[in-house]
Structures are given as structure tokens and as C-alpha cells.
Amino acid sequence: MCAVIKKLPQFTIGVEEEYQIIDPTTRDLRSHMSKIVDGGKIQLREQVKAEMHQSVVEVGTNICQNVQEARKEVAFLRNKISELAAQQGLIVGASSTHPFSKWQDQEITDDPRYHTIVDELKDIARSNLIFGLHVHVGIESREVALQVMNQACYFLPHIYALTTNSPFWEGRNTGFKAFRAKVFAKFPRTGLPEYFDSVQSYDNFLETLVKTNCIDNPKKIWWDLRMHPFFSTIEFRICDMCLTVEETTCIVALIQAVVAKLYKLIMSNISYNVYRIALIRENKFRAARNGIEGKLIDFGKKQEVPTVDLIMELLDFIDDVVDELGSREEVNYVHQILKNGTGADQQLKVYEETQDLTKVVDFITGKFTEGI
């Protein structure tokens, strides 16, 4: 007998974005984060944080009850960081790699946590000059959260393709729409999570890593999707940084809807297919290389199909939950992304027209507070 879901839980949201601090004259990254963070602490308290490189500022929303509240908070944080940067004569942008800055020129934040990571990982850590979007969705039950994590992995490449926004690395067109993942892949414990058949199995895995001094705490599991070790959330970490608030809001709404739909199925004793991580990894590579313009594998049909087709299937899959979540308008912005191209597509277009990476930086910074 299937359980009847009369009303979905709230699926609260938390959003973390990492921003580039940029010199308006050279358009290069500036290791000036500490003054912005120090200024922000007075007004934003724990919502603004230092990152490993001093040219990166991380912000995080409060716990949001719906997508509209998340959009409002992200817009507020972008405006506030822009104001703080302007007071230091700097500007801010949102892209997962800088078009031409070199990691060798960037200062490491003077913090014991980051010194420990650099001491352990050496140049792998020093070269990790990337910027990401992390989305938390609240689920109280760890057992259900693990099932959602296992099943949601299939949709990660679809979502990733829509966020691709890192085509350049150290002055080169990499040929990838999202090169950030290739940089981060040098870290241990990254990429797609493996399948876990129980919470006990998951906890035993973490316990083994801690006991054997692989990690000192479970936060050093940097997978594309993870059950958060301290909060009652699952955290989607695969996404590139989005150029605009509207794009971020759309991706947040899409992620929340995927979680809600899978939860609804689980509560009705229906399980979505769990595919081999090795197969999903193939789709992730395709999404990183070609974004929304390429093809992904439809594992059910065992054939290549246009990425756009699978994204449209995803919209159909979540259609019965978006109205209850109140996020149909935000989810429908996917059509604008498909029409206008992702951040990577737009960056590449600017470069094709100008052959000037500083113009690409101007484009990125110009989009940062667009529409807010």
C-alpha cells in the first residue's frame, strides 16, 4: 500500500556563493578580501566569510523558507558586497574561474584552517583558484536524505550543464564550458559520491576516514552532492557560479524541486532509478565540456540525446511539485538560460567579438548586480 503525501514538507533553502574581488584598472584578481570581510562582519556577521585565497569572498544566506526569500537574500548579499568592495576601490564578479589571473600570484588567507589544507595538499590547494555555488535543501531524516542523495546524482549533470560558467583558465580558452571541475578534481574526495545502501554504511565510511587521519572532520568530504555533516540538509556542490541573481535563483528552484519530487516518490514507496556512478561521470564530463549545447546519455534508452532534451524531461519530471513549492516562475527561467546561453556561452561570445579578456571581465562584473 503506497503512502499518500497530502502536503510536501517545506524544504528550506540555504545558498552559498563565492565572488571574485577584482581591480577595476587591471581587471585582475586582487588579494584584498580581508578588508571587505572585516567590513562585512559588522553588517552581515556570519553571512560573509574568508576563503582560502584572498581574492575570494564567500557569502551565505540565512535559512530561507522558499525560493523567493532565497532570491531576496542573494540579491541583498550581492549588493552589499559590491558596496563594500567599492569602498576599497574594487569591483566584484561571479564566474567560476577568472579569465586570465594566475593562481601563483594570489595570496593565501592567514588562517590556521587554510594553512593546514595547504600544508597537506601543497600546490593542489594553492592552485585551487575557483568559485562555486552551493545549495542546501533541508531534510530532517538522514535515512530519507541518503536515499535522495543516491537518486539525485542522476540529475547532477543536467543541472551542471545549465550553470557552466568557467571557460577560461590563466588566459586560455580551455575548450570546456566548465573548467572549474577539472581544477577541483585534483583534490581528494571530490566528484560524484558513490552509492551508499544505508546511513550506517555512510557513517562507517566517514568514521574510517577520520580514524585513519585522512580527514580531521567530515566537512573535508568535498563531493558534488553530500549529506551535510552538521546540518539537516543535503548540499549540492556541483554548480558553477552563476552570472546573475536570476540564474542563481533558477538553479536553486530547480534543485529544491528535484529534492521535493524524489522525496514525494520515496514517501509513496516509489524509487527512482539509481545508475552507476561511472555512467553518470560520463554525463558530467559531457556537461563540463559542452554545457547545454552538447549531448548527454539517456541511460534508459542507452543512446545519446541532446542535453536540452534531457533538461526538458527534467522539467516534466518536477512539474507536479513546483506549484506547491511556489517556484514555477523561477523554474521556468530555465527557458531563458537555454535561449541566452549559460555564463560560459556568453563569456565566449564576448571574447569571440572582442578578442580581449579584459572585456570578458567587464562583462562578468557588469552582470553581477543586474536586475537588482
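The analysis underlying the following values was restricted to heavy atoms, covering all of them including side chains, and did not include hydrogens, waters or symmetry mates. Bear in mind the structure is a predicted one, so any value in this text is a computation, not a measurement.
Taking the six-membered ring where the residue is Trp, the centroids of F205 and Y202 are separated by 6.0 Å or more. Two rings, from H98 and F100, have their centers less than 6.0 Å apart.
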Start with the C-alpha gap between K284 and D224, add the side-chain angles, then the distance that decides, and say whether salt bridge (charged side-chain N to carboxylate O under 4.0 Å, His left out) holds. CA-CA 10 Å; K284 180 185 174 183; D224 295 333; 2.8 Å; yes
Side chain to side chain donor-acceptor pair (under 3.5 Å) between E17 and T248, intermediate numbers included: CA-CA 9 Å; E17 293 193 311; T248 292; 2.7 Å; yes
Give the intermediate values and the outcome of salt bridge (charged side-chain N to carboxylate O under 4.0 Å, His left out) for residues E353 and K359. CA-CA 10 Å; E353 293 171 351; K359 299 298 184 188; over 6 Å; no
Would you please test Q347 and S95 for side chain to side chain donor-acceptor pair (under 3.5 Å) and show each step? CA-CA 10 Å; Q347 286 192 51; S95 174; 3.0 Å; yes
Cut-off 3.5 Å, no hydrogens considered: what does the side-chain donor-acceptor table look like for residues 363-372, sequence neighbours left out?
from, atom 1, to, atom 2, distance (Å)
T365, OG1, V361, O, 3.2
T365, OG1, D362, O, 3.1
K367, NZ, E370, OE1, 3.4
K367, NZ, E370, OE2, 3.2

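Side-chain polar atoms of D240 and S166 form a donor-acceptor pair below 3.5 angstrom. Q10 and Q65 share a donor-acceptor pair across their side chains, judged by distance under 3.5 Å alone. Defined by atom type and a distance below 3.5 Å, a donor-acceptor pair is present between the side-chain atoms of T358 and D356. Donor-acceptor pairing under 3.5 Å is recorded for the side chains of T342 and D345.
The side-chain contact (heavy atoms from CB on, under 4.5 Å) test with I311 is passed by exactly one of I292, I159, L296, L254: I292.
Figure legend: cation-pi geometry between K261 and F317, with NZ or CZ positioned under 6.0 Å from the six-membered ring centre and within 45° of its axis.
Of the inter-residue distances, the one linking C64 atom SG with E69 atom CD reads 4.5 Å to the nearest 0.5 angstrom. With values rounded to the nearest 0.5 angstrom, I81 atom CD1 is found 7.0 Å from I21 atom CD1. Rounding to the nearest 0.5 angstrom, the gap separating the CZ atom in F168 from the CG atom in L357 is 5.5 Å. Interatomic distance, E247 CD to C239 SG, rounded to the nearest 0.5 Å: 11.5 Å. Residue E58 holds its CD atom at 7.5 Å from NE2 of H134, rounded to the nearest 0.5 Å. For the atom pair CD1 of I234 and CG of L146, the computed distance is 10.0 Å after rounding to the nearest 0.5 Å.
Side chain of T249 to backbone of R71: no donor-acceptor contact under 3.5 angstrom is found. Side-chain atoms of H53 do not come within 3.5 Å of backbone N or O of S55 as any donor-acceptor pair. A side-chain donor-acceptor contact under 3.5 Å links T307 to the backbone of G294.
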